[in-house]
Participant: 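Before anything else, here's the structure in question.
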Amino acid sequence: MTLHVDGIIRNARLATLQTGVHGDDYGTLQGCLAWHAGKIVFVGSEADCPELLAGQDIDAQQQWLTPGLIDCHTHLVYDGNRASEFEQLRQGMRYQDIAAAGGGINSTVRATRAASEDTLLRSAETRLKCLLREGVTTVEIKSGYGLSLNDELKMLRVIRALGERGDVHVSATCLAAHTLPFDFSGDQDAYIDWITETLLPQLKDENLAEAVDVFCESIGFSAAQTHRLFAAATRLGLRVKGHVEQLSQQHGADVVAEFGGLSADHVEYLEPEQCLLLAQKDVVAVLLPGAYFYLNETRKPPIQAMRDAGVSMAVATDLNPGTSPLNSLLTAANFSSVLFGLTPAEAWAGITRHAAQALGLAQCKGQLREGFDADFLLWSCDHPRQIIHELNRFKPTGIWRLGKEQRHD
Ligand code: DI6
Ligand code: FE
C-alpha cells in the first residue's frame, strides 16, 4: 500500500540525536526522513522505507540532517543597549557593583518601560532572526525587564506575538523576579508578594506564560523568596526554573529540585551533592557560557560531576543586553565546548534533545524521531562536529519547521 506524505528527504546522513538506538553519540544513520501534517512519520534506511507518494521528494546528496536547534534560555525582548556598561566592565568594574549603582537590569527596565509594544517587537525580531538563520526552530523568551503589571504584561504580549509569526515555536517564561525594581519601596518580600498575588494570577488568566523563573543570587532573590515564588507558581499550574548558583552559592538549585523544576540555569557554583539532586529529579542544567565569557568569570560549572551524576546538560545563548549579548546559539555551543569542556556531541545534545527537555518539550522536539515535530535542518559539512568546531562558518542549507520549509533572508 502506498503511503501519501507531505515530503521525504532521501540519500542523507542523519544525526538523529536519539539515544541508545543507533551506533554513536549523535544517533547517526544513513537513510531518509519522511513527514506528514507537521510530524515525522519515518526515520530509517532506504531499504526499510515504505513505498511513499511524497509532495516534496528531496535528494540530500549525502548532506547531514539534524533536528531543528532549540535555544532554551533567552531574554531577547528589551529596548536600549548596555554598551556603556560593557566599557565599565572592561575598565574593571564588577557586574555586581554596576547593578548596585542602579545600572544593570534596572537600566534596561527603564528603557523597556519607555518602549511601545511595536518598538519592542521590531527590535526583538532583529535579534530573533539571527537565531533563526542558524536553524533555531524553538526558542524560550523571558520577561523580566518590565517589573510592573502593565510592563510585564506588555513584554509577555510581545513574546506571544513573536510566537504567532509561525516560523518558530516560542516558550514564554515570566521572570518578574529578575531584580527588585528601582521604584518598588526597597522591600524584596513585598515585591515577591506582589508577583505571587497580582502578576501571576493575571498572566495565568491571559495564558501568557508556561513557566516562572527567578534570579536567585546575592544581588537577586534568596532561596526562601524563591521557594515562596515557586509555591505560588506551582499552585497556578505553572512550571518553574531558576537562574541559580551563577555568581555564588545560594542553594537555588535545591529549591528548583524540590519543586521538580524544568531547569537550573548558569550553575557555575553548583556543588557535587546538588548535581545528585538535579539528576534525581530530572532537572536539566542549562549552561550559559556567553555570560561566563562576557563577565570574565573564572568559576566553571562542574561538568564532570554532572556527567558522573547523570545530569542532562543543555546549552543556550542567555541572549540579554547585559551579561550575554550573544546572538548566536552555535557560538554558545562552541563556547560550551572550548570554555566548559563539553564534547561536540554533548554540545549537540545541549542545543537539541536536552534543550527540549529544559522546556518540557522532550516528548515532541529535539530529536529526529517518528511522532516528533517535523523540525529539521540540512547541513553541507563532513560531520556535525565541524559545526561546533568552526565559528561563524556554517548555516543550514535547508530549514523545516513543522514540515514547512523556512526562508530567513
Ligand atoms: N542573570 C544574568 O546573567 C542576566 N539575568 C540574570 O538573572 C543578566 C541580565 C542583565 O544584566 O540584563
Ligand atoms: Fe538569563
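One-based numbering, in listed order, for ligands and for the atoms of each. Bear in mind that the values here come from a model prediction, so they are computed numbers and not experimental data.
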Participant: Within the 3.5 Å criterion, strictly below it, is a donor on D71 or T317 matched to an acceptor on the partner's side chain?
Facilitator: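 Short answer, yes.
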
Participant: Looking only at heavy atoms, is any part of D318 under 4.0 Å from ligand 1, and if so is it the side chain, the backbone, or both, or is it neither?
Facilitator: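 Looking at D318 and ligand 1, just side chain atoms fall under 4.0 Å.
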
Participant: Nearest protein heavy-atom contact for atom 4 (C) of ligand 1: which residue, which atom, what distance?
Facilitator: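 Among all protein heavy atoms, the one nearest atom 4 (C) of ligand 1 is T323 OG1, 3.7 Å.
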
Participant: Kindly assign one of parallel, tilted or perpendicular to the pair F335 and F293, based on the angle between their ring planes and the thresholds 30° and 60°.
Facilitator: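 Rings of F335 and F293: tilted, 30 to 60°.
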
Participant: Do R235 and F230 form a cation-pi contact, if we require the NZ or CZ to be under 6.0 Å from the six-membered ring centre and within 45 degrees of the ring's axis?
Facilitator: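 So R235 doesn't make the cation-pi contact.
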
Participant: Do any N or O atoms from the side chain of R13 and from the backbone of W64 form a donor-acceptor pair under 3.5 angstrom?
Facilitator: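 Not a single qualifying donor-acceptor pair exists.
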
Participant: In ligand 1, which numbered atoms sit nearer than 4.0 Å to a non-hydrogen atom of H266?
Facilitator: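 So the answer, numbered in order with elements, is 1 (N), 2 (C), 3 (O).
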
Participant: Only heavy atoms of I105, strictly under 4.0 Å: list the atoms of ligand 1 that pass.
Facilitator: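 Listed by number with element: 9 (C), 10 (C), 11 (O), 12 (O).
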
Participant: For N/O/S atoms only: which one belongs to H75 and is nearest the Fe ion (ligand 2)?
Facilitator: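 Atom name returned: NE2.
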
Participant: Any N/O/S atom, backbone or side chain, of H266 lying under 2.8 Å from the Fe ion (ligand 2)?
Facilitator: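 No, H266 does not qualify, because none of its backbone or side-chain N, O or S atoms lies under 2.8 Å.
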
Participant: Which is it for D59 and R10 under the salt bridge (charged side-chain N to carboxylate O under 4.0 Å, His left out) test, yes or no, and what are the steps along the way?
Facilitator: CA-CA 5 Å; D59 178 350; R10 306 174 185 280; over 6 Å; no

Participant: Give the numbers and elements of all ligand 1 atoms closer than 4.0 Å to a heavy atom of H243.
Facilitator: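 Under 4.0 Å from H243, ligand 1 has these atoms: 1 (N), 6 (C), 7 (O).
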
Participant: Heavy atom to atom 8 (C) of ligand 1, shortest distance: which of Y78, F215, F221, Y95 holds it?
Facilitator: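 Answer by nearest heavy atom: Y95.
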
Participant: Among all protein heavy atoms in this structure, tell me which lies nearest to atom 1 (N) of ligand 1, with the distance rounded to 0.1 Å.
Facilitator: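 I find the closest protein heavy atom is Q246 OE1, 3.1 Å.
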
Participant: Measure the CZ-NE2 distance between F221 and H243 for me, rounded to the nearest 0.5 Å.
Facilitator: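 One gets 12.5 Å once the value is rounded to the nearest 0.5 Å.
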
Participant: If you count heavy atoms of other groups shown closer than 6.0 angstrom to CD of Q363, is the number above 12?
Facilitator: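 No, the 6.0 Å shell around CD holds no more than 12 heavy atoms from other groups.
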
Participant: State if E217 counts as touching ligand 1 under the rule of any non-hydrogen atom under 4.0 Å.
Facilitator: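 No; E217 lies far enough from ligand 1 that no heavy-atom distance drops under 4.0 Å.
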
Participant: Output the atom name for the N/O/S atom of D318 with the smallest distance to the Fe ion (ligand 2).
Facilitator: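 So the atom name we want here is OD1.
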
Participant: Please classify the H178 to ligand 1 contact at 4.0 Å (heavy-atom distances, strictly less than): side chain, backbone, both or neither.
Facilitator: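 It is the side chain that gets close, since no backbone atom is under 4.0 Å.
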
Participant: Above 12 or not: heavy atoms from other molecules or residues under 6.0 Å from CG of D118?
Facilitator: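 Yes - once you tally the heavy atoms of other residues, nucleotides and ligands closer than 6.0 Å, there are more than 12.
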
Participant: Do the rings of W194 and F184 sit parallel, tilted or perpendicular, given the 30° and 60° boundaries?
Facilitator: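 Aromatic pair W194/F184 classed tilted.
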
Participant: Using a 4.0 Å cutoff against the non-hydrogen atoms of Y145, which atoms of ligand 1 qualify?
Facilitator: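 Per the distance check, 9 (C), 10 (C), 12 (O).
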
